[in-house]
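Reviewing the structure listed below.
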Protein chains: 2
Amino acid sequence: MLTIGQLAAYAGVTVRAVRHYHQIGLLPEPERDTSGYRKYGAPAVVQLIKIRTLADAGVPLAQVGRMLEADPATFAEAVERIDAQLRDEIDRLAASRRQVARLTAGDSLVLPPPVVAYLDRLREIGTSDRILAGERDGWILIAARWPDQVLEWMPDKMAQLDDPRVVRLYQLLSEIVDADVVDDPRVTEVVDLMVELAEQAEAAGVIDVHETGQDDDISFALLDDLADAADKRAERIRELMRERGWDGWTRTQRVKEPPG
Amino acid sequence: MLTIGQLAAYAGVTVRAVRHYHQIGLLPEPERDTSGYRKYGAPAVVQLIKIRTLADAGVPLAQVGRMLEADPATFAEAVERIDAQLRDEIDRLAASRRQVARLTAGDSLVLPPPVVAYLDRLREIGTSDRILAGERDGWILIAARWPDQVLEWMPDKMAQLDDPRVVRLYQLLSEIVDADVVDDPRVTEVVDLMVELAEQAEAAGVIDVHETGQDDDISFALLDDLADAADKRAERIRELMRERGWDGWTRTQRVKEPPG
DNA sequence: CTTGACCCTGACGCTGCGTCAACCCTGCAT
DNA sequence: ATGCAGGGTTGACGCAGCGTCAGGGTCAAG
């Protein structure tokens, strides 16, 4: 006769596990000796080994009981099911690993490589870390909303950085946030530049709208909100822009006529 | 400003998940509107997307917070750890699958192929299902205790079945259990056979002990117990065997002189 | 007689939410 | 004004498979 500890040792499991199997009815409660100790016979050992064999094979305990009583056909069917579940789980984890492999650097965390390249380019032209962080967050939102289109947009965005005025714009913005003074005179220059660029884009018929519909208004609002939340000078610039007839950080467009 | 539902939809998660992230402090609780509704800005969306990206990559939520604040070196280190854990988990599951693949039939459940072959052989010579079930359980115990040695023992065991007396023994035992009468006269014949075989083995110097030590006494006791538990005629046979000077079902040996 | 190694039951903890329950708010159609 | 659908709020239990206390009692040996 075995105590619970001996039984567990024989089958290579913990005492707690054996008690757990009792609780869920997988292993019948054995007789007790005078002092209340459980005492097990050989059949319990066999049963426990069977249980562990199935459990080690990845069978959920809830199904182990049924499987041990099943006829060969039902058994085979259950094995099939379990195997399919294991396959799925392995696939899921493998996908996770591929994801993890892409997390080597901070930037590539949530962003596709072309966007990371764009951010790197921004850094090269002297953009400050705070502006970069803001840009990164913005692109995170964009990549979440238009995961496919964003890849098409990147060549255009990248090309814009070849325009010295755009470079100047980012440098000005960097200086402004880094200086951190209340009424920075360079704000005016920024607004001039932005208006100039917007007007040129309008003339060329490219309003940075690409293929987004009205469903996306909320997304653009979020992007603008993001900029405003990042730095209060952003709000000031938007105000000045509105006075000049333009609205929106991300999707700059003509201010709609106020109704009435 | 977004409600919790809009936020969740934007990031592709459930409302419940968002609230969970609040609870565990992964996502800061936002402002409330006059009626107590949470209202979120763009930064929350970004944060939520970052969280999901790491979580989807298999990072435990408990580590996500730290990782999002970590410097690149610490981050890379953490990524390494996560990847190792994922590898382990995948290996575990793959091993499970290999196990599951071996579970096609009931017999091979816990037993290595040579033992299954032996059981098949037993069935062929006309052994009854109940005896077979007992044998199977016995071999389960043996395979659990001596997983390596059992493979060495099988050729001998298999060869024993070429002896007509052994075949006769199993057939007699089968008839006895199937008949299920109290004082089956065939029991005598069984005992005669067993004694004959034991004496022959003794003469040949092979006492079926192989390389087991005294630590294994408990295992043999279990095996004998298993037989006794399976059928009460087993006990009767053991008694008769003891009268003839032999003890033990599995490791038959001379009865030790009673002390005193 | 003490000590250490077991045994007992009962209960909480872990992961990442799903799923009620019971109630309040909002916006639209009637 | 009313009703209703479809949001939102907190609180709490449930899941798998045990690990891990807590607070006892028991056994074998020195």
Side-chain angles (χ1 to χ4, degrees), chain A residues 1-27 29-40 44 48 50-67 81-82 85-86 88-89 92-93 96 99 218, chain B residues 1-27 29-40 44 48 50-68 81-82 85-86 88-89 92-93 96 218:
Chain A
M1 285 302 174
L2 306 176
T3 68
I4 194 170
Q6 294 169 313
L7 170 70
Y10 201 108
V13 304
T14 65
V15 169
R16 182 62 179 88
V18 174
R19 285 203 266 251
H20 183 59
Y21 301 150
H22 286 321
Q23 255 188 345
I24 63 178
L26 254 187
L27 199 58
E29 280 279 1
E31 308 265 292
R32 307 296 184 110
D33 67 12
T34 51
S35 60
Y37 286 19
R38 292 177 180 85
K39 42 179 197 176
Y40 298 89
L48 182 51
K50 286 180 179 172
I51 291 171
R52 280 316 310 171
T53 303
L54 286 177
D56 287 342
V59 179
L61 292 187
Q63 299 183 37
V64 166
R66 271 170 292 168
M67 282 187 72
R81 264 206 325 277
I82 308 284
Q85 286 171 13
L86 283 176
D88 289 355
E89 184 69 6
R92 258 181 16 77
L93 291 180
S96 286
Q99 282 299 108
I218 186 178
Chain B
M1 288 300 175
L2 306 175
T3 67
I4 195 171
Q6 293 169 315
L7 170 69
Y10 200 107
V13 306
T14 64
V15 170
R16 183 63 180 84
V18 174
R19 285 203 266 253
H20 184 59
Y21 301 150
H22 286 320
Q23 255 187 346
I24 62 177
L26 255 188
L27 199 57
E29 280 278 1
E31 308 265 291
R32 306 296 184 109
D33 68 11
T34 52
S35 60
Y37 286 19
R38 293 177 178 85
K39 42 178 199 179
Y40 298 89
L48 183 50
K50 287 178 178 172
I51 292 171
R52 279 316 309 172
T53 303
L54 286 177
D56 288 342
V59 179
L61 291 188
Q63 299 183 36
V64 166
R66 270 170 294 169
M67 283 187 72
L68 286 177
R81 264 207 323 278
I82 307 282
Q85 286 170 13
L86 284 177
D88 288 356
E89 184 69 6
R92 259 182 15 75
L93 291 181
S96 288
I218 185 178

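The sequence lines fix the lettering, A, B, ..., with proteins before strands; numbering per chain opens at 1. Quick note: numbers below take in every heavy atom, side chains included, and nothing from hydrogens, waters or symmetry partners. This is a predicted model, so every value here is computed, not measured.
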- prompt: What's the CZ-P distance between B:Arg92 and D:dG17, to the nearest Å?
  reply: 11 Å

- prompt: What is the distance from CZ of A:Arg32 to P of C:dC7, rounded to the nearest Å?
  reply: 12 Å

- prompt: Is there side-chain contact between B:His20 and B:Ile24, with heavy atoms separated by less than 4.5 Å?
  reply: yes

message: Ignoring hydrogens, what is the shortest heavy-atom contact between B:Val13 and B:Ala17? Give both atom names and the distance.
response: CB-CB, 4.4 Å

query: Between A:Thr3 and C:dC7, does any side-chain N or O lie under 4.0 Å from OP1 or OP2?
result: yes

- request: Decide yes or no for A:Tyr37 and A:Met1: does some side-chain heavy atom of the first lie under 4.5 Å from some side-chain heavy atom of the second?
  value: no

- request: Tell me which nucleotide among C:dC7, C:dT9, D:dT9 gets nearest to the side chain of B:Ile4.
  value: D:dT9

message: What is the distance, to the nearest angstrom, from the NZ atom on A:Lys39 to the P atom on D:dC27?
response: 13 Å

- request: Select from B:Thr34 and B:Pro60 the residue whose nearest nucleotide in DNA chain C is closer to the 5' end of that strand.
  value: B:Pro60

query: Within this structure, what is the CG-to-P distance between B:Leu86 and C:dT15, rounded to whole angstrom?
result: 16 Å

message: From CE of A:Met1 over to C1' of D:dC27, roughly how many Å is that when rounded to an integer?
response: 19 Å

- prompt: If you draw a 6.0 Å radius around CD in B:Glu31, do more than 12 non-hydrogen atoms from other residues or ligands fall strictly inside?
  reply: no

message: Short of 4.0 Å, heavy atom to strand atom, which residues of residues 17-27 of chain B count as contacting DNA chain D?
response: B:Arg19

message: I'd like to know if the side chain of A:Ser96 and the backbone of B:Asp56 have a donor-acceptor N/O pair within less than 3.5 Å.
response: yes

- request: Mind calculating the distance between CD (A:Glu89) and P (C:dT15) to the nearest angstrom?
  value: 17 Å

- prompt: Should B:Ser35 be listed as having a side-chain N or O under 4.0 Å from OP1 or OP2 of C:dT26?
  reply: yes

query: Between atom CD in B:Gln6 and atom P in C:dG27, what is the gap in whole Å?
result: 12 Å

task: Nearest-nucleotide wise, let me know which of A:Tyr37 and A:Arg16 is further upstream toward the 5' end of DNA chain D.
output: A:Arg16

query: Can you tell me if the side-chain N/O atoms of B:Arg38 get under 4.0 Å from OP1 or OP2 in D:dG8?
result: no

- prompt: How many angstroms lie between atom CG of A:Leu61 and atom CD of A:Gln63, to the nearest 0.5 angstrom?
  reply: 10.0 Å

Side chains of B:Val18 and B:Tyr40 in contact at under 4.5 Å (non-hydrogen atoms): yes

message: How many whole angstroms separate atom CZ of B:Arg52 from atom C1' of C:dC17?
response: 10 Å

